[in-house]
Chemist: 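One structure is given below, represented as structure tokens, and several questions about it will come after.
The analysis underlying the following values was restricted to heavy atoms, covering all of them including side chains, and did not include hydrogens, waters or symmetry mates. Everything numeric here is computed off the predicted structure, so don't read it as measured data.
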Amino acid sequence: MSAHSLSLAEASRRIAAKTLSPSELLDDCLARIAEVEPRLNACIRLMEDDARAVARALDNEAPRGPLHGIPIGVKDIIDIAGLPSTCHSAQRLDHMATADAAVITRLRAAGAVFPAKLATHEFAIGGPAFDLPFPPARNPWNRDHHPGGSSSGSGAAVAARMLPGALGTDTGGSVRHPASHCGLVGLKPTYNLVPRDGVFPLAFSLDHVGPLTRTVEDCALMLGVMAGGDFAGGLTKGLKGLRIGYVRHFHEIDQPADPEMAAALDEAARVMVAEGAIITDISLPPLQQFAAVNRTILYGEAGAIHEHWLKNSPEKYAGVTRRRLLPSQFVSAADYVQAQRRRGEMVAAVQEAFTQVDLLLTASSMDPACRIDDTPTVERTYPRQARTPFNVTGHPAVTIMNGLHSTGLPLSLQLVAPAFEEALLLQAAAGYERAAPWKDLAPNP
């Protein structure tokens, strides 16, 4: 097996055993990038020389931990000192980061290597756009299709086996959306568990930084460095005895899902029961209410960040970004305060649910990925998801593959845990991953 095809965890074990060096792994990943990147547009900037110098130094060190010598991609709204952080926008082409983001500092200290800055939807709010300085990333399962966003390059790069892991950000689902569309594991941690210093904000009180990986173990290892702590120790405990609340109304009533997506969710629930979980139906506020609160808060906070550019250089945004940001200039203080009040009620509703169950099972996306050039369908399907509620409430949520659509594109589910219960969340996800046949499937870009 080529080194670039190894999971992060397996590559880490081989590096620790001295059967694979950081330089060998990096060189194979760079060769894979050279092979498939021209078809996927996942990378905005390659840092080959710097990455090779770091890898060579790591070759001669005792392993610092599970990320020693592991190449990690970085969404281009996260600062790496001495490099541009463009946010995929003409507004920031000349912006040069003067310091590493806090999460980069932690990963660098653990021995991670950074070979590429990755594509994003502009400022993490636009959609796939063709009127920007960089082309949009494409889905490795079918290059004509959308990879999800806004962490689009992170999803494409990891799914295409260019890199074993990548950083994304998530304000309304932007780590979990690429995970859904690209057949990956994508985690939005508890709000503030992972520091956001040095990450260009979209909405201060909704933003999260999270990992995109191929397996749950890989995700746990990355989170352990990003947040500090052991999130991999309980991965073998499985699902037995866990009480899981199935939020069916999200995908059956609030936003009826593609029939194959709905069937895959029911099948995943059946698998979890077979593995010993106890699943009961549970209700939360309707998706439409969560979406309205998220949208109002996001617009209120993003409007403060983008006010200057919207007034002075609106032509530098992609058309889709400009359309999405302009409403931010019309959110009143009263609208914002009322949304925050309703947010408190929604947090309480989810907390109440967790007095009855250990975890929640929901849809992630309601549809498989659509064509990237079908703008009306992108606009229609983008908000058809159940990820936004947990940006509103701040609870940790993970998306994982649970099937293939008849089109050959990935399907997905979402698990949600109480605040700061990422270890339990990943334990359950790993239990499902072991029992299901999807982990080893890979696209052929």
Chemist: Check for a donor-acceptor pair, side chain of Arg322 on one end and backbone N or O of Pro314 on the other, with a separation under 3.5 Å.
Modeler: yes

Chemist: What distance separates His145 NE2 from Cys370 SG, expressed to the nearest 0.5 Å?
Modeler: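 Result: 8.0 Å between the selected atoms.
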
Chemist: Just checking, is any N or O donor in the side chain of Ser364 or Gln385 under 3.5 Å from an acceptor N or O on the other one?
Modeler: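 Short answer, no.
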
Chemist: Within the distance-only criterion (no hydrogens, no angle test), does the side chain of Asp197 pair as donor or acceptor with the backbone N or O of Ala102 below 3.5 angstrom?
Modeler: no

Chemist: So, Asp335 and Thr296: side-chain donor and acceptor under 3.5 Å apart, yes or no?
Modeler: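 There is no such pair between these side chains.
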
Chemist: Within this structure, what is the CG-NE2 distance for the pair Leu409 and His181, rounded to the nearest 0.5 Å?
Modeler: 8.5 Å

Chemist: Keeping the roles fixed (side chain from Asp59, backbone from Ser23), state whether a donor-acceptor pair exists under 3.5 Å.
Modeler: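 A pair under 3.5 Å: yes.
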
Chemist: If we check side chain to side chain contact (heavy atoms under 4.5 Å, CB included) with Leu187, which of these qualifies: Leu212, Val398, Val175, Val216?
Modeler: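 The option that passes is Val398.
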
Chemist: Considering non-hydrogen atoms only, spot the tightest contact between Arg343 and Val392 and give its length.
Modeler: NE-O, 2.7 Å

Chemist: Do you see a donor-acceptor pair shorter than 3.5 Å between the side chains of Ser151 and Lys75?
Modeler: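 Note: Ser151 and Lys75 side chains meet the donor-acceptor criterion.
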
Chemist: Supply the atom-to-atom distance Leu359 CG to Met272 CE, rounded to the nearest 0.5 angstrom.
Modeler: 9.0 Å

Chemist: In Å, rounded to the nearest 0.5 Å, how long is the span from NE2 of His208 to CG of Asn192?
Modeler: 8.0 Å

Chemist: Any side-chain heavy atom of Ser21 within less than 4.5 Å of one from Ile15?
Modeler: no

Chemist: Compare every heavy atom of Ala318 with every heavy atom of Ala129, then report the nearest pair and how far apart it is.
Modeler: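 For Ala129 and Ala318, the tightest heavy-atom pair comes out as CB-CB, 3.8 Å.
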
Chemist: If I compare all heavy atoms of Arg161 with all of Ser5, which pair ends up nearest, and what's the gap?
Modeler: CG-CA, 4.1 Å

Chemist: Can you give me the closest heavy-atom contact between Leu25 and Ala11, atom names plus distance?
Modeler: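 Scanning both residues, the minimum pair turns out to be CD2-CB, 4.0 Å.
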
Chemist: Is the gap between the ring centers of Phe123 and Trp309 under 6.0 Å?
Modeler: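 Ring centres of Trp309 and Phe123 closer than 6.0 Å.
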
Chemist: Counting distance only, does the side-chain N/O of Thr86 pair as donor-acceptor with the main-chain N or O of Arg92 below 3.5 Å?
Modeler: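 Here the side-chain-to-backbone pair does not exist.
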
Chemist: May I ask you to test the Pro115-Glu48 pair for a side-chain heavy-atom distance under 4.5 Å?
Modeler: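 No, too far: nothing below the 4.5 Å cut-off.
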
Chemist: Test Glu217 against Ser7 for side-chain hydrogen bond (donor to acceptor under 3.5 Å, both in side chains), laying out the working first.
Modeler: CA-CA 9 Å; Glu217 183 183 16; Ser7 70; 5.6 Å; no

Chemist: Do you see a donor-acceptor pair shorter than 3.5 Å between the side chains of Asn294 and Arg387?
Modeler: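 Per modelled atom types, Asn294 and Arg387 side chains form no pair under 3.5 Å.
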
Chemist: So, does Lys117 use its side chain to make a donor-acceptor pair with the main chain of Pro84 at under 3.5 Å?
Modeler: yes

Chemist: Any side-chain donor-acceptor pair under 3.5 Å between Thr321 and Glu122?
Modeler: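 Their side chains do contain a donor-acceptor pair, which is all the 3.5 Å distance test asks for.
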
Chemist: Give a yes or no on whether the backbone of Ala386 and the side-chain of Gln414 come within a donor-acceptor separation of less than 3.5 Å.
Modeler: yes

Chemist: Thinking salt bridges, do Asp170 and Arg176 make one under a 4.0 Å N-O criterion?
Modeler: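 Here Asp170 pairs with Arg176 in a salt bridge, since their nearest N and O are under 4.0 Å apart.
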
Chemist: Is it the case that the side chain of Arg138 and the backbone of Arg143 share a donor-acceptor pair, with hydrogens and angles ignored and the cut-off at 3.5 Å?
Modeler: yes

Chemist: Could you grab the distance from atom CG of Asp258 to atom OG of Ser365, nearest 0.5 Å is fine?
Modeler: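 Separation between the atoms: 11.0 Å.
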
Chemist: Which of these passes side chain to side chain contact (heavy atoms under 4.5 Å, CB included) with Pro201: Ile305, Ile77, Thr171?
Modeler: Ile305

Chemist: Considering only heavy atoms from C-beta outward, does the side chain of Cys182 approach that of Asn139 to under 4.5 Å?
Modeler: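 They are in contact (side-chain heavy atoms under 4.5 Å apart), so the answer is yes.
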
Chemist: Please check if atom CG in Asn312 has more than 12 non-hydrogen atoms from other residues, nucleotides or ligands closer than 6.0 Å.
Modeler: yes

Chemist: With rounding to the nearest 0.5 Å, note down the distance linking CG in Leu361 to CD1 in Ile244.
Modeler: 6.5 Å

Chemist: Looking just at side-chain N and O atoms, do Arg196 and Tyr191 make a donor-acceptor pair shorter than 3.5 Å?
Modeler: yes

Chemist: Taking atom types as modelled, find out whether His405 and Thr407 have a side-chain donor-acceptor pair closer than 3.5 angstrom.
Modeler: yes

Chemist: Is Ser154 reaching over with its side chain to a backbone N or O of Leu167, donor-acceptor style, under 3.5 angstrom?
Modeler: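 Answer holds: yes.
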
Chemist: Are Glu422 and Pro189 packed together at the side-chain level, in the sense that at least one heavy-atom pair is separated by less than 4.5 angstrom?
Modeler: yes

Chemist: Please work out which of the three classes, parallel, tilted or perpendicular, describes the rings of His395 and Phe390, given edges at 30° and 60°.
Modeler: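 Correct class here is perpendicular.
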
Chemist: Side-chain contact, heavy-atom cut-off 4.5 Å: Leu20 with Leu6?
Modeler: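 Leu20 reaches Leu6 side chain to side chain.
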
Chemist: For Glu301 and Ser205, which I'm curious about, is there any donor-acceptor pair between the side chains at under 3.5 Å?
Modeler: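 The answer is yes; a qualifying pair exists.
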
Chemist: Hey, does Asp207 have a side-chain heavy atom less than 4.5 Å from the side chain of Thr169?
Modeler: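 With C-beta onward as the side chain, the pair stays apart.
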
Chemist: Once the angle between the rings of Tyr317 and His306 is folded into 0 to 90°, is it parallel (under 30°), tilted (30 to 60°) or perpendicular (over 60°)?
Modeler: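 Tyr317 and His306: tilted rings.
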
Chemist: Hey, does the side chain of Arg32 reach the backbone of Leu163 with a donor-acceptor pair shorter than 3.5 angstrom?
Modeler: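 Such a contact is absent between Arg32 side chain and Leu163 backbone.
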
Chemist: Can the ring centres of Tyr382 and His177 be said to be less than 6.0 Å apart?
Modeler: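 Yes: the rings meet the under 6.0 Å criterion.
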
Chemist: The test is salt bridge (charged side-chain N to carboxylate O under 4.0 Å, His left out); show your working for Asp76 and Arg45 and say whether it passes.
Modeler: CA-CA 9 Å; Asp76 198 36; Arg45 177 180 297 273; over 6 Å; no

Chemist: For Arg106 and Val225, which heavy atoms make the closest approach, and how far apart are they?
Modeler: O-CG1, 3.5 Å

Chemist: Say whether Glu433 and Thr215, considering side chains only, have a donor N or O and an acceptor N or O under 3.5 Å apart.
Modeler: no

Chemist: Let's go through Ser412 and Asn402 carefully: what are the C-alpha distance in whole Å and the side-chain angles of both, what is the deciding distance for side-chain hydrogen bond (donor to acceptor under 3.5 Å, both in side chains) to 0.1 Å, and is it a yes or a no?
Modeler: CA-CA 5 Å; Ser412 59; Asn402 72 336; 5.3 Å; no

Chemist: Is the side chain of Thr381 donor-acceptor paired with the backbone N or O of Thr377 at a distance under 3.5 Å, no angle test?
Modeler: yes

Chemist: Could you check whether Lys311 pairs with Glu307 (Lys NZ or Arg NE/NH1/NH2 to Asp/Glu carboxylate O, under 4.0 Å)?
Modeler: yes

Chemist: Could you give me the CA-CA distance, side-chain angles and deciding distance for Cys43 and Ile33, then say whether side-chain contact (heavy atoms from CB on, under 4.5 Å) is met?
Modeler: CA-CA 9 Å; Cys43 300; Ile33 290 171; 4.2 Å; yes

Chemist: Kindly indicate whether the side chain of Pro389, heavy atoms from C-beta on, has any atom under 4.5 Å from the side chain of Met346.
Modeler: no

Chemist: Quick test of your reading of the model: are Arg384 and Asp367 salt-bridged, counting only N-O distances below 4.0 Å?
Modeler: yes

Chemist: So do the side chains of His121 and Ser152 get within less than 4.5 Å of each other, counting heavy atoms only?
Modeler: yes

Chemist: Which heavy-atom pair separates Leu221 from Pro66 by the least distance, and what is that distance?
Modeler: CD2-CB, 3.9 Å

Chemist: Hey, are Arg324 and Glu379 close enough for a salt bridge, meaning a charged N less than 4.0 Å from a carboxylate O?
Modeler: yes

